[in-house]
Amino acid sequence: MSGGPLVVVGAALLDGGRLLAARRTGPPALAGGWELPGGKVDPGEGERAALVRECREELGVEVELLQRVGGDWPLPPSAVLRVWTARVVAGVPAAGPDHSELRWLDPGDWYGVAWLDADLPVVRAVQALAGP
Ligand code: DCM
């Protein structure tokens, strides 16, 4: 028994008022939607370590996590999303197999992509914390 809900971690990567959005390649129900990059925490893994790992694997960058964004964001049917703001400390984000496109959203254009349902309220919270 691991206990608790499945935890997915996400990064709101910020760069001078820009926010990184990543367009998912799958599964079919989510393909084409935009998310904050991240993924599932492995058994026994710390959440922050998982997020650093996911950014390395998915985007090819090293990140520094900054600030927790809210609490548990629902990820229907039974998981939760936990999010941190972050910044890139090494490398340039590039789309791997999980994403068809990455986009740095300029200040004022944070809602210019079709965020996944789960991610949209998180983006609003990031804006309230740190946004332009
Ligand atoms: N997910 C999401 N928003 C994110 C990250 C993940 O809605 N920012 C969802 C998509 C999947 C699940 O969490 O249903 C697991 O993510 P992944 O497939 O990336 O491991």
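Counting convention: from 1, in listed order, for ligands and their atoms alike.
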- request: Check each atom of ligand 1 against the heavy atoms of K40 and keep those under 4.0 Å away; list them by number with element.
  value: 15 (C), 18 (O), 20 (O)
- prompt: Within a strict 4.5 Å, meaning less than it, do heavy atoms of the V69 and W84 side chains meet?
  reply: no
query: Does an N or O anywhere in R24 fall below 3.5 Å from an N or O of ligand 1?
result: yes
Crowding at CG, D15 (>12 non-hydrogen neighbours, <6.0 Å): yes
query: Can a non-hydrogen atom of G10 be found less than 4.0 Å from any atom of ligand 1?
result: no
message: Taking 4.0 angstrom as the limit and counting only heavy atoms of G39, give me the atoms of ligand 1 inside it, by number and element.
response: 20 (O)
query: Do NZ/NE/NH1/NH2 and the carboxylate oxygens of R24 and D98 come within less than 4.0 Å?
result: no
task: Around atom 12 (C) of ligand 1, find the nearest protein heavy atom and jot down its residue, atom name and distance.
output: V8 CG2, 4.2 Å
query: Going by the atom numbers of ligand 1, which of them fall below 4.0 Å from some non-hydrogen atom of D119?
result: 2 (C), 3 (N), 4 (C), 7 (O), 8 (N)
task: Please confirm whether the backbone N or O of W110 pairs with a side-chain atom of W115, one donor and one acceptor, at under 3.5 Å?
output: yes
message: With respect to L75, determine whether any N or O atom, backbone or side chain, lies less than 3.5 Å from an N or O atom of ligand 1.
response: no
query: Going by the atom numbers of ligand 1, which of them fall below 4.0 Å from some non-hydrogen atom of A118?
result: 7 (O)
query: Less than 4.0 Å between a side-chain N and a carboxylate O, is that true for E101 and R103?
result: yes
statement: Within the 4.0 Å heavy-atom cut-off, what L30 brings close to ligand 1 is side chain
message: Quick test of your reading of the model: are R53 and E45 salt-bridged, counting only N-O distances below 4.0 Å?
response: yes
